[in-house]
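One structure is given here, and the rest of the page talks about it.
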Amino acid sequence: MEPIKKDAKSNPSATANLFSQVFFWWLNPLFRIGSKRRLEEDDMYKVLPEDGSKRLGEELQSYWDQEVEKATKELRTPKLTKAIIRCYWRSYAVLGVFTLIEVIKVIQPVFLGKLIQYFERSEPDNMAALYEAYGYAAGISLSALGLALLHHLYFYHVQRAGMKIRIAMCHMIYKKALCLSATAMGQTTTGQIVNLLSNDVNKFDELTIFLHYLWMGPLQAAAVIGLLWQEVGASCLAGIAVLIFLMPLQTMFGKLFSKYRSKTAAFTDSRIRTMNEVVSGIRIIKMYAWEKPFAALVNDVRRKEISKIMSSSYLRGLNMASFFTANKIILFVTFTVYVLVGNKISASRVFVVVSLYSAIRLTVTLFFPAAIEKVSESVISIRRIKKFLLLDELVKSHVPLTQEDKKEVSVEIQDLICYWDKSIDAPTLQNVSFTVKPGQLLAVIGPVGAGKSSLLSTVLGELPAEKGVVKVKGELTYIYIYIYISWKEYLRAVLFDFATYLLLSVGFRAVYQDADIYLLDDPLSAVDAEVGRHLFEQCICGILKDKPRILVTHQLQYLKAANQILVLKEGHMVARGTYSELLRSGVDFTSLLKKDEEEEGEKGEAPRSPRSRTLSQNSVRSHSSSVLSVKDESDQLPVEPVHTVAEETRTEGTIGLHMYWKYFRAGANVLMLILLVLLNLLAQTFYILHDWWLSYWATEQEKLDFSSSNISSTIGTNGTFGTNTTQELNLDFYLGIYAGLTGATVIFGFMRFLIMFNALVNSAETLHNRMFNSILRTPVRFFDINPIGRILNRFAKDIGHLDSLLPWTFVDFIQVFLQIIGVIAVASSVIPWILIPVIPLLIAFLFLRRYFLRTSRDVKRIESTTRSPVFSHLSSSLQGLWTIRAFKAEERFQQTFDAHQDLHSEAWFLFLTTSRWFAVRLDGMCSVFVTITAFGCLLLKDSMKAGDVGLALSYAVTLMGMFQWGVRQSAEVENLMTSVERVVEYTELESEAPWETQKRPPPDWPNRGLITFDRVNFSYSSDGPVVLKNISAMFRPREKVGIVGRTGAGKSSLISALFRLMEPEGKILVDGVLTSEIGLHDLRQKMSIIPQDPVLFTGTMRKNLDPFSQHSDHDLWNALKEVQLKAAVEELPAKLETELAESGSNFSVGQRQLVCLARAILRKNRILIIDEATANVDPRTDELIQKTIRAKFKECTVLTIAHRLNTIIDSDRILVLDAGRIHEYDAPHVLLQNQNGIFYKMVQQTGKAEAASLLQTAKQAYMNRSPVHQLNGFATTRDGSLVIFETAL
């Protein structure tokens, strides 16, 4: 197995000294590299041994196993929480010591109060007091520095603890997924398991950050209340009461918010599911001209989603506004009560109280509620993970073979009875018996849902036998190539031709695995006849001829080569024997197959059918693969020609201002934006004035007290004079202004948050609609070169960012940015010269930010790209689970998963540490600013007022934490703006021709169905190769024409040109109207197509048949009756109104194809195109489709692209394409006279018996036709003149 990446560099943090650990100094070399060039995966450091996926996973697994064992003995349900706590409590408890740094936050305001008191006393000559003041200033500076260093060390360690739990959980989930039993697979889905891995485990990353605040929060609150009591006595209780009132209010907001989020999530899922279907089926939607009903569908879901997002955003706004204004309300209440009960305020008292409330605010209103929220979220996630970990496992008995047994390799099954689902009465398989020995080939045939794949699952041990004997002697190999080819393998397959690759793939697996027994699950249906024959002869009957082989197949031409044939029907063994024995016994098993499918067609895939379980078991995988493409960005195999997948554009460097302008303008007009700027400025101004007024009031009070004490000492009277002077400080005036400022802060605070959220959510809505409309109108080529996952990523992840993450981050950043500006403005207004050191600090900061972002952006990018393989590996493992287990490769796949996890951990570790590296340095700069302010005040002590010192210092202290948070939010905004950029990019895609033009064709056009190609060249892109070259041909009215050619000959391209999926060169006329002159909808609605892949969409059966509601119920039932689906639909719970499962997966492939035929019947168009419509269906459905086409489309021009030559051998004419040119074009019988022709060779390749039958049918059809010889290509134009084309014959 190839390694996931080259050897990583050893991790320097393992050997770093204490100083380096505290300052994250060991990261400097990485930042140096990051500043010079783009970081790549090779630059990452090796994961630390204690963070390895295998080690962590096995450790937690052992605790979980012990817990399960113990619980089984005690007859109770195991508790995953217990296992997690027992595994991690020691290491996490030690980190609790770090939380004592919160003590610093409580002590700092005390130092601040003492320093302000020095200014209040104003004793310039008291040197002892001055030295003491210097001591307090040093205390403030050191506590700021200590906080800067220890806070980030704590965060780094708790985040790493969360990372460890997440990694261990992922290891356990994947390990469990590899050994799920069939029953368990029915109880979960791939999407669910991916969800556990992508969402649920992430809760541990968040939980560990806040958990310690559950005990720390109340302790800190108690300490602060004690200090407040000392300062302002019982008045502090009024402030605390407000704080306590705000806590449940915020908790209520949180609950409402999560309620809205869950409703939003349901709508988002629905929208993404619809988008998945739109993008997957875009070719069909365009050919049917169904863009408008799908746009209405998506817009309807999006409207509901946005209304919930808007509500939750308003809640977020209210929450942020209450957080923003809480402090001001608390201070207002505290000081109002304090003053009204007859106390005087002083600067030291005011600013100690301000600082203490600031210290407690974060913990009480943010961290403590967050801890409760994260604990409850984690409990739900743990419950979901536990439910998954307790699912049934597959128990396989693996007995090593002796040398004797190896000689007697065989598979023996006697009287087998087994169930996928015991709740259904009918068994999946019953009374099946056979033996396969070395050198024998057993062919298993039967209609869809007969139990063929289930039989292989039993041999593999995936489906346990209820009764009977299953003896397997030898190593098994299971080959189910059609599904289990990964995206990389697909690209390799394109480099070979597909057939060679499949042959090599089977061959290599066979030779290298060197198993004893080969189980082949219909590997020949994915290839055309020639490749299939090659695979069968060279590989199955060549390389593997000496091995026991069981081949499930629909291809009846290979049955003669089988030693035994087993015919299954509804789980019963209908017949068994050699080809000649079955023929002699009078069982015509080919017709039995058809008869059986006829019955099945009549019954339909009704939910009551006991066979439906088997179908769902096998269709789970194919169905999930379409959903998974969202996660792993793989794509469906594109239609010919092979389009290379374009590299996804990724911007580097910063986001331009014009992008911000586009973002804002999408949600608000210019006036609204001006109003927003004013609101923000006003809110911040009042916020600062609120504190400044307190400072001013305290200073005025101090002046009065000072003058009154001077006067009283001069006059020598009692204190009445002083009291009278105090009365002069008009309480009503000061309190009135204070109340007004508080009110203004609250009003503007709330207004600015709500209006900003409204504007930004509107932006998300507008940009989504623009992107969706742009996607609908872009040519099909775009979908061929961009994997489905990439397109859906814009609608899922990027729109998700625009909806909730970006508005919140942006608003938060604006608020913090304005507060930082406010701090600097206040400090410089008090000490103007502080700007001198601030300017170099600012320059250093800007340099540091730029330096950091270069590396950080790359680390974030690498973290995203290394996360995808973890999910891709999980989803591809689940799709190929049987194959993995058959090859006994579980251990190898587990190792690969651990390697992917370790690679992601390397990136995540760097993401954590680089963030902390930056934060430590920023807070370090802030502590320098605090130090300069504190000592600056002392140096200028003569000109400083106590109130100003308090205001400047209390503001400077709030910079700690806030500044680095603001900077990180600015970086986050820039990161999230890349989502806006990606969405805007998709709003400006190239658009195809208009849907309607001024020139409309006549209402009854086309009334004849004459199609003329005149010197048509066609290419899928302006710079791509020409795939149709100088095509000139005519399809006469009511003519039935078959179109054949090898893969890549240009068959589908001919149809693409007719539907103008890309604009062709030359002229295509339909009944004399030039198709390039009319609107796309006018053209496409007038032609019907039955596509190669039958596409049904989520929604009702009625919507699937008639999205525009143009037809009556009578018409719909008639169409269903014509295609023999009426009975099946009548059995559905709500008949035509029944909601179909995603992609119509509750119908079989054949039934879906019949629905597409019913659509064509309803449209009553003169032109019908059938694009290899019967490639995926059984012979019975094929015959039904052909019969209906002949009967219902007798008056139509029908063009049929076919793989199966028997479907077009009785056509009027056959057009043979080769390398984009017309090779021959005539009646089939005429073409078969030319033994050098491509068509003759294609017929011969089907095998002697089939070729003879085809020749006979062609001759018969030719004889029955009236011998009217017409020119090969002619058309009349509107003026009646005759146009004759030279064809390429």
Side-chain angles (χ1 to χ4, degrees), residues 8-36 39 43-51 91-92 94-105 107-108 137-164 208-209 212 837 840-841 844-845 847-856 859 905-906 908-932 934-935 957 959-961 963-965 967-968:
K9 301 174 181 174
S10 61
N11 199 322
S13 79
T15 53
N17 58 36
L18 183 67
F19 174 78
S20 182
Q21 293 274 10
V22 170
F23 287 95
F24 298 95
W25 210 257
W26 53 269
L27 275 169
N28 289 356
L30 183 82
F31 277 101
R32 274 199 290 279
I33 296 169
S35 67
K36 289 173 189 158
L39 288 179
D43 295 310
M44 297 196 299
Y45 300 129
K46 197 182 288 178
V47 74
L48 290 168
E50 61 267 32
D51 294 345
S91 55
Y92 190 69
V94 171
L95 297 176
V97 177
F98 267 113
T99 50
L100 295 174
I101 56 167
E102 296 289 335
V103 173
I104 298 175
K105 285 188 182 173
I107 296 169
Q108 205 175 27
I140 292 171
S141 306
L142 287 173
S143 54
L145 191 63
L147 208 55
L149 299 179
L150 295 172
H151 180 74
H152 298 298
L153 216 51
Y154 164 71
F155 264 77
Y156 158 61
H157 282 294
V158 287
Q159 283 180 297
R160 209 172 126 207
M163 175 182 94
K164 285 180 177 178
T208 51
I209 297 174
H212 278 304
L841 272 179
F845 150 68
F847 166 75
L848 193 67
R849 181 179 182 273
R850 223 170 118 220
Y851 186 68
F852 164 73
L853 279 181
R854 276 184 198 156
T855 302
S856 155
V859 168
S905 299
E906 289 173 13
W908 184 255
F909 179 74
L910 282 185
F911 175 63
L912 292 187
T913 50
T914 49
S915 304
R916 294 296 143 204
W917 178 94
F918 186 47
V920 164
R921 278 150 186 75
L922 282 185
D923 274 355
M925 290 165 80
C926 291
S927 58
V928 170
F929 179 75
V930 170
T931 307
I932 292 171
F935 285 98
V957 168
L959 261 193
M960 297 296 302
F963 185 61
Q964 60 98 8
W965 175 249
V967 174
R968 283 172 63 193

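When reading the values below, keep in mind they use all heavy atoms of this one structure, side chains included, and skip hydrogens, waters and symmetry mates. Predicted model, so just to flag it, every value in this text is computed and none were measured.
- In plain terms, the two heavy atoms of T855 and S35 that are nearest each other are OG1-N, 4.2 Å.
- Closest approach of S927 to L145, counting heavy atoms only: OG-CD1, 3.5 Å.
- Under a 3.5 Å cut-off, the side chain of N11 and the backbone N or O of K46 do form a donor-acceptor pair.
- Across G34 and R854, no two heavy atoms sit closer than the pair O-CB, 3.8 Å.
- Considering every non-hydrogen atom in both E906 and Y45, the closest pair reads CG-O, 3.1 Å.
- Between F155 and L912 the shortest side-chain heavy-atom distance does not fall below 4.5 Å.
- Nearest heavy-atom pair, T208 versus V158, reported as atom, atom and distance to 0.1 Å: OG1-O, 2.9 Å.
- Using a 4.5 Å cut-off on side-chain heavy atoms (C-beta onward), D51 and S905 make no contact.
- In this structure, H212 and Y154 have tilted ring planes: the angle between them lies in the 30° to 60° band.
- Counting only residues at least two apart or in different chains, side chain to side chain donor-acceptor pair (under 3.5 Å) contacts with residues 16-26 are absent.
- Here the rule is side-chain contact (heavy atoms from CB on, under 4.5 Å) with L848, and of L922, V967, L853 only L922 fits it.
- A ring-ring contact (aromatic ring centres under 6.0 Å, His included) with F918 is found for one member of F852, F24, F845, Y851 and no other, namely F852.
- Ring pair H152/Y156: centre-to-centre distance not below 6.0 Å.
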